[in-house]
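Predicted model, so just to flag it, every value in this text is computed and none were measured. Chain letters run A, B, ... following the sequence lines, proteins first and then strands; every chain starts at 1.
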There are 2 protein chains.
Amino acid sequence: MARYKVGLETRERILKATRALLADVGVEGITLKAITDLAGVRAGSFYNLFETKEAAVLTVVREAIAAMDPGDEGNDTLEDLVSAYVTFMTEQSSMAQVYLQIAVSATRNNAPIRQRFANGHRYRIERFTTALLRDRPEIGVPEATIRIEALIAALNGFGIARHIDPSFDLNGHASRMLELTRTQ
Amino acid sequence: MARYKVGLETRERILKATRALLADVGVEGITLKAITDLAGVRAGSFYNLFETKEAAVLTVVREAIAAMDPGDEGNDTLEDLVSAYVTFMTEQSSMAQVYLQIAVSATRNNAPIRQRFANGHRYRIERFTTALLRDRPEIGVPEATIRIEALIAALNGFGIARHIDPSFDLNGHASRMLELTRTQ
DNA sequence: TGCAAATTTGAGCATATACTCTATTTTGAA
DNA sequence: TTCAAAATAGAGTATATGCTCAAATTTGCA
């Protein structure tokens, strides 16, 4: 694939365009022409760098799912995780948008994307649950898991609300929801 | 348009197909061929009943936005409204799916749909807020509005969670969220 | 039952789409 | 500086898409 510097730069421009368009029109609505026009590239150049349109889409989708989760693993607190979620939503809004698009469609008709999403979701629940149990071990795994599922679901809802109305107080509502999760 | 019985039946089959497909692939992904194939109708028949593909889509979208809200207006309690939301999500899942698809994409690139959605959303917030204030007038309009925005956002998140994982206890989480909204 | 209006079909049209191929230019290690 | 590998442009291909139209069939009121 890309070996020269210009090639890598072009690849980045294509991925950036794909990201913006996926946030806008979703996996089902994106077209090659839209990508190449926005990236300022002809079809031939695109196919020199990506096997298919789907390959570029899947690259961005993977990115978006991975970007949901903060880097340091192990002993993050629930605050850290919620705060990382809020940061992701506010500071990487294109990627967040892509993630939410995938979450709602669950992309029934696209097996690799569905699989990625399901794995990411399961992993996130485990990580959040572990953090909650470190803080409140008396809750127990089953109840902690249920509360975390609700927390993450609510956070997704808040993320959507914020993108409908940018004045939505994502941080405040997330904190309140975190408290509810902890103390119920 | 449709005047004979067969025509009205065909119209219904087309709308049913459109509904199912919108739930699957969203506004950006739906195609005329997919609609007519699923409805068992040729293109000519479709265009005898609808001006454009978009007209059928918009009809279903309107339906989905309207179906979000329960019929009786006026003195419903917050429980009634939340319970109606849960019922809508569980018993009209195609339509709920369409609604959520629109909520995330907010359909930036489709002015009439965006407008409809925004109006429906604003109306819903008012209705929920009124119900909350009837029960807890001491909260006051600004705080009540903020809490309702969070409640509705969380409910949307729960709706998405339920459709990712049908075992998600939508009713339980919605009730808990309702309590949080009331008592905080 | 006659018949005008409604419905349905299916071929056809213009454009969009995903992707290929060849010729040309650019890159950067030796 | 040379030159093979890489990058790019852009015309071309096959299929998909939204939609039209004329002809044939069906509907249901008078």
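- For A/Thr183, there are no side chain to side chain donor-acceptor pair (under 3.5 Å) partners two or more places apart in sequence or in a different chain.
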Under a 4.0 Å heavy-atom criterion, the protein footprint on nucleotides 16-22 of chain D, written with B, S and -, is -SSBBB-
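- In this structure, B/Asp165 has no salt bridge (Lys or Arg N to Asp or Glu O under 4.0 Å) partners at least two apart in sequence or on a different chain.
- Between the P atom of D/dT8 and the CZ atom of A/Arg11 lies a distance of 13 Å, rounded to the nearest Å.
- Across the protein-nucleic acid pair, A/Arg42 atom CZ and C/dT20 atom P stand 18 Å apart, rounded to whole Å.
- Rounded to a whole Å, the CZ atom of B/Arg13 is 12 Å from the P atom of C/dT7.
- Legend: salt bridge (charged side-chain N to carboxylate O under 4.0 Å, His left out) pairs involving residues 141-160 of chain B, not counting sequence neighbours, sorted by first then second residue: B/Glu143-B/Arg147.
- Side-chain nitrogen and oxygen atoms of A/Asn48 include none within less than 4.0 Å of the OP1 or OP2 phosphate oxygen of D/dT8.
- Annotation: salt bridge (Lys or Arg N to Asp or Glu O under 4.0 Å) contacts of A/Arg116 (sequence neighbours excluded): none.
- The residues A/Arg127 and A/Asp76 are annotated as salt-bridged, a charged nitrogen and a carboxylate oxygen being separated by less than 4.0 angstrom.
- A search for salt bridge (Lys or Arg N to Asp or Glu O under 4.0 Å) contacts involving B/Asp135 returns B/Arg182, not counting sequence neighbours.
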Could I get a table of every N or O pair under 3.5 Å where one atom is in the protein and the other is in nucleotides 27-30 of chain D?
residue	atom	partner	partner atom	Å
D/dT27	O2	B/Tyr4	OH	3.1
D/dG28	OP1	B/Lys5	N	3.2

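- In this structure, A/Leu8 atom CG and C/dT27 atom P are separated by 13 Å, rounded to whole Å.
- The CG atom of A/Leu132 lies 4.5 Å from the CD1 atom of A/Ile148; values are rounded to the nearest 0.5 Å.
- For the OP1/OP2 pair of D/dA7 and a distance below 4.0 Å, the side-chain nitrogens and oxygens of A/Thr10 include no atom meeting the criterion.
- When the P atom of C/dT7 is taken as reference, atom CD of B/Glu12 falls 13 Å away, rounded to whole Å.
- Take A/Arg13 and apply the side chain to side chain donor-acceptor pair (under 3.5 Å) test, not counting sequence neighbours, and it matches A/Thr10.
- For the salt bridge (Lys or Arg N to Asp or Glu O under 4.0 Å) test, residues two or more places apart in sequence or in another chain that qualify with B/Asp69 are B/Arg124.
- Atom CZ in B/Phe50 sits about 15 Å away from atom C1' in C/dT8, given to the nearest Å.
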